[in-house]
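Input: a single structure, listed below in structure tokens.
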Amino acid sequence: MSTLLTALATAGPLAAGWSVHTVWLRRSLRSARRDPLTGLRTRDGFTRRANAMLKDPRAVVVLADVDHFKQINDQYGHAAGDALLKATADRLAHYVGRDGVAGRLGGDEFAAVVIDTHGTIADLLAVLHGVLARPADGMNPAVRTTVSLGWVGAADHPGEDLSGLLRRADEAMYAAKQARAGVRRAGLGTLFATLTGRRSGRRGTHTDARSLGVAR
């Protein structure tokens, strides 16, 4: 009996230490999947949740890009730019709610996946576009810009994975930005030349339409 008690007494601190270590690991993983500036999921965390949501055919993939962000940084400083990104992230997260997911893909680019339960996603994104254009609370009202949105429904391209849908949303967002249209839905036709979600010529693109064999 004394041997058993001794063993338990020895194992107790080890078990407690392992428990604390496990909690620390879990918190570290959660932190690693959260962007430190905005609190949104990082690309990895976003991808995990988004892939699960895409099993629902009503899922919609949205890509958002802050317009003229470099000019904001240059004119008002990086602190103003960071505050603008944080405000954009907070509003996007509020829009998607607990049933959706939003993430910061990098820089001034954000993505979200929502479930279009009532078939009103176009109207809701038009409202979101207006909300995202409001000045951030507590900031100089002059520090403001718009956010271009591109979106695509998973049901429009059955079997296409998240990467492909993000590329389509990226093309739609770029078209919205070029036309100053605010929001644009991805078409059902040929996808423009992109690689890993980047339009030809954008940072992160390593090839062009001819090498991809994609019609322009």
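The structure displayed is predicted, hence computed values, not measured ones.
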field: Donor-acceptor pair between Thr47 and Asp44 side chains, under 3.5 angstrom
entry: no

task: Report the C-alpha separation of Arg33 and Arg48 in whole Å, then their side-chain angles, then the decisive distance to 0.1 Å, and conclude whether the side chain to side chain contact (heavy atoms under 4.5 Å, CB included) test is met.
output: CA-CA 10 Å; Arg33 292 172 184 165; Arg48 290 170 181 267; 3.3 Å; yes

field: Nearest heavy atoms of Leu105 and Ala111, plus distance in Å
entry: CD1-CB, 3.8 Å

field: Closest non-hydrogen atom pair between Val113 and Met53, with its separation
entry: O-CE, 3.5 Å

query: For the residue pair Gly81 and Phe69, what are the closest heavy atoms and their distance?
result: O-CE1, 3.4 Å

message: When you compare the side chain of Leu63 with that of Phe110, does any pair of heavy atoms fall below 4.5 Å?
response: no

message: Using every non-hydrogen atom in the two residues, find where Arg184 and Ala176 come nearest and quote the distance to one decimal.
response: CB-CB, 3.8 Å

- prompt: Passes side chain to side chain contact (heavy atoms under 4.5 Å, CB included), Leu40 versus Arg34? Steps please.
  reply: CA-CA 6 Å; Leu40 294 183; Arg34 292 284 176 176; 5.5 Å; no

task: State plainly whether the residues Asp82 and Lys86 are in salt-bridge range, i.e. N to O under 4.0 Å.
output: no

message: I'd like to check Val143 versus Ile72 (side-chain heavy atoms, cut-off strictly below 4.5 Å). Are they in contact?
response: yes

field: Distance, nearest 0.5 Å, that separates CG of Asp156 from CG of Leu165
entry: 9.0 Å

- request: Mind jotting down which residue pairs meet the side chain to side chain donor-acceptor pair (under 3.5 Å) criterion with at least one end in residues 144-155? Sequence neighbours excluded, please.
  value: Asp67-Thr146, Asp67-Ser148

Full working for side chain to side chain contact (heavy atoms under 4.5 Å, CB included) between Arg185 and Ile121: CA-CA 10 Å; Arg185 180 179 187 176; Ile121 189 67; over 6 Å; no

- line: CD (Glu160) and CG (Leu166) are apart, to the nearest 0.5 Å, by 10.0 Å

- request: Begin with the C-alpha distance, continue with both residues' side-chain angles, and end with the deciding distance and a verdict on side chain to side chain contact (heavy atoms under 4.5 Å, CB included) for Leu149 and Met173.
  value: CA-CA 5 Å; Leu149 302 172; Met173 182 275 295; 5.8 Å; no

message: I'd like to check Leu37 versus Leu85 (side-chain heavy atoms, cut-off strictly below 4.5 Å). Are they in contact?
response: yes

query: Out of curiosity, Arg167 CZ to Asp170 CG, how far, rounded to the nearest 0.5 Å?
result: 10.0 Å

- prompt: Of the options Asp35, Thr42, Thr38, Thr88, which is the one that meets Arg104 in a side chain to side chain donor-acceptor pair (under 3.5 Å)?
  reply: Asp35

statement: Closest non-hydrogen atoms of Val96 and Ala112, given as atom of the first, atom of the second and distance, are CG1-CB, 3.7 Å

statement: Closest heavy-atom pair, Ala87 versus Ala136, reported as atoms and distance to 0.1 Å, is CB-CB, 3.6 Å

message: Any heavy-atom pair between the side chains of Val66 and Leu84 that's under 4.5 Å?
response: yes

- request: Measure the CG-NE2 distance between Asn73 and His78 for me, rounded to the nearest 0.5 Å.
  value: 5.0 Å

Scan the side chains in residues 124-135 for donor-acceptor partners under 3.5 Å anywhere in the protein, sequence neighbours excluded, and list what turns up.
| from | atom 1 | to | atom 2 | distance (Å) |
| --- | --- | --- | --- | --- |
| His129 | NE2 | Val147 | O | 3.4 |

query: Is the backbone N or O of Val152 less than 3.5 Å from a side-chain atom of Arg168, with the two atoms forming a donor-acceptor pair by type?
result: no

field: Salt bridge Lys70-Asp108, side-chain N to carboxylate O under 4.0 Å
entry: no

